Visitor: 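Got a structure for you, questions after.
All of these numbers come straight from a predicted model, not from anything done at the bench. FYI, side chains are in, hydrogens and waters are out, and symmetry mates aren't considered; it's all heavy atoms of this structure.
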Amino acid sequence: IPSDQHCDFDKKIGRASTWTQWVLGPIKQVSSISLIALVSFGLVTTQFMMAGGAAAKATQRTTPVDLARKALLVKSDFPKSWTSTTSSNNNSSIPGATQLASCIGVPRSVITGNPPQAHSPEFDSSNHQLMVDDSVSIYPSAKAATADFNSLANLKTPTCLASALNGPAKATLEKEFGAMSLIGTIGVTRIAAKYFAPGGTNITMLMRLKSHGVQLNFEFTLVVYVKANEEQTVSLISVDAGFPAALAMQLTKDAASLIR
């Protein structure tokens with residue numbers, strides 16, 4: 001969108017981080033297949049062990065989420081003009097989960113699973129038209145992580161997800177959009193694998209939203225990698241602009257190399 005319109009829109013409904021909360025929060029839950037990307041934070045807790053004897057003292061333990069944080073993208077991975085903000089924390093339920101699971105042919109628990117997660121900040125371009133989040137989910141086993149990955153990679157998933165988002169999930173999504181209204185249907189597609197680091201899978205959602213007379217085209221892509229019991233998800237979001245292919249390749253290469 002032109003810079004003058006963008007500034008006016010910023011004043012009316014807030015900057016990019018607000019868009020993520022209002023617009024993308026509920027959709028990330030559905031599209032991520034099992035709560036991958038930003039919607040529910042893994043809680044980092046400090047645990048202590050007491051050493052025996054009169055001189056006992058607390059010793060901090062490193063949790064799996066602590067370790068997973070080391071595999072996240074950081075601000076230095078982005079162009080210098082980009083900024084970072086705290087990611088939104090939207091814990092709304094997953095609408096259409098039963099239909100989506102049935103359509104893909106997986107247990108509902110794969111769609112609604114909520115493993116511990118580590119999350120990066122939200123990274124925003126200087127014009128607020130590009131946003132990126134990174135997360136690592138820690139599953140109880142490699143089998144569980146692979147099941148989630150395969151559900152996203154399934155050939156039926158784009159069609160099934162589009163059906164769920166434009167069916168039972170649509171009313172819930174529109175309610176959570178608040179002042180923004182959804183125009184038309186939500187499109188779901190898969191981008192050619194050559195545009196991202198090898199070894200992953202991806203899915204993209206396309207939607208048009210309107211608020212205060214301004215129409216915006218949102219493109220939301222999840223690129224996912226799995227190794228052992230960990231699943232790394234890079235969320236690439238663009239508003240009225242295509243996400244730069246070179247940057248998408250660089251970020252997914254960086255992320256894929258970080259997962260243990």
Visitor: Test of understanding: with side chain to side chain contact (heavy atoms under 4.5 Å, CB included), list the residues that count as partners of S76, not counting sequence neighbours.
Guide: V74
Visitor: Tell me whether V223 is reachable from L72 by hopping between hydrophobic residues (I, L, V, M, F, W, Y) whose side-chain heavy atoms are closer than 4.5 Å.
Guide: no
Visitor: Ignoring hydrogens and angles, tell me if any N or O in the side chain of N166 forms a donor-acceptor pair with the backbone of A162 under 3.5 Å.
Guide: yes
Visitor: Between I104 and L222, is there shared hydrophobic-cluster membership here, with clusters defined by ILVMFWY side-chain heavy atoms closer than 4.5 Å?
Guide: yes
Visitor: Do the side-chain N and O atoms of Q129 and D240 include a donor-acceptor pair separated by under 3.5 angstrom?
Guide: no
Visitor: Under a 3.5 Å distance rule, please check whether S102 uses its side chain to pair with a backbone N or O of T98 as donor and acceptor.
Guide: no
Visitor: Is any side-chain heavy atom of T159 less than 4.5 Å from a side-chain heavy atom of T157?
Guide: no
Visitor: Is a donor on one side and an acceptor on the other found under 3.5 Å between the side chain of N229 and the backbone of I138?
Guide: no
Visitor: Tell me, please, which residues at least two apart from P140 pass side chain to side chain contact (heavy atoms under 4.5 Å, CB included).
Guide: A144
Visitor: So do N202 and F196 actually touch side chain to side chain, heavy atoms under 4.5 Å?
Guide: yes
Visitor: Donor-acceptor pair, distance only, cut-off 3.5 Å: does the side chain of D66 make one with the backbone of T63?
Guide: yes
Visitor: List for me each residue that meets side chain to side chain contact (heavy atoms under 4.5 Å, CB included) alongside V226, sequence neighbours excluded, and say none if there are none.
Guide: A145, F149
Visitor: Report whether L209 and M205 are members of the same hydrophobic cluster (ILVMFWY, side-chain heavy atoms less than 4.5 Å apart, transitive linking).
Guide: yes
Visitor: Tell me if the NZ atom of K75 is crowded by more than 12 foreign heavy atoms within 6.0 Å.
Guide: yes
Visitor: Establish, from distance only, whether the side-chain atoms of Y225 and E231 form a donor-acceptor pair under 3.5 Å.
Guide: no
Visitor: Checking Q232 side chain against A71 main chain: does a donor-acceptor pair fall under 3.5 Å?
Guide: yes
Visitor: Could you walk me through whether S163 and Q99 pass side-chain hydrogen bond (donor to acceptor under 3.5 Å, both in side chains), step by step?
Guide: CA-CA 9 Å; S163 179; Q99 175 185 322; 2.9 Å; yes
Visitor: Any side-chain donor paired with an acceptor under 3.5 Å for Q117 and S135?
Guide: no
Visitor: In chain order, what residues pass the side chain to side chain contact (heavy atoms under 4.5 Å, CB included) check against K156, with sequence neighbours excluded?
Guide: N154, C160
Visitor: Please enumerate all residues that pass side chain to side chain donor-acceptor pair (under 3.5 Å) together with T221, with sequence neighbours excluded.
Guide: T204
Visitor: Holding to side chain to side chain donor-acceptor pair (under 3.5 Å), I want the full list of residues that pass it with N150, two or more places apart in sequence or in another chain.
Guide: none
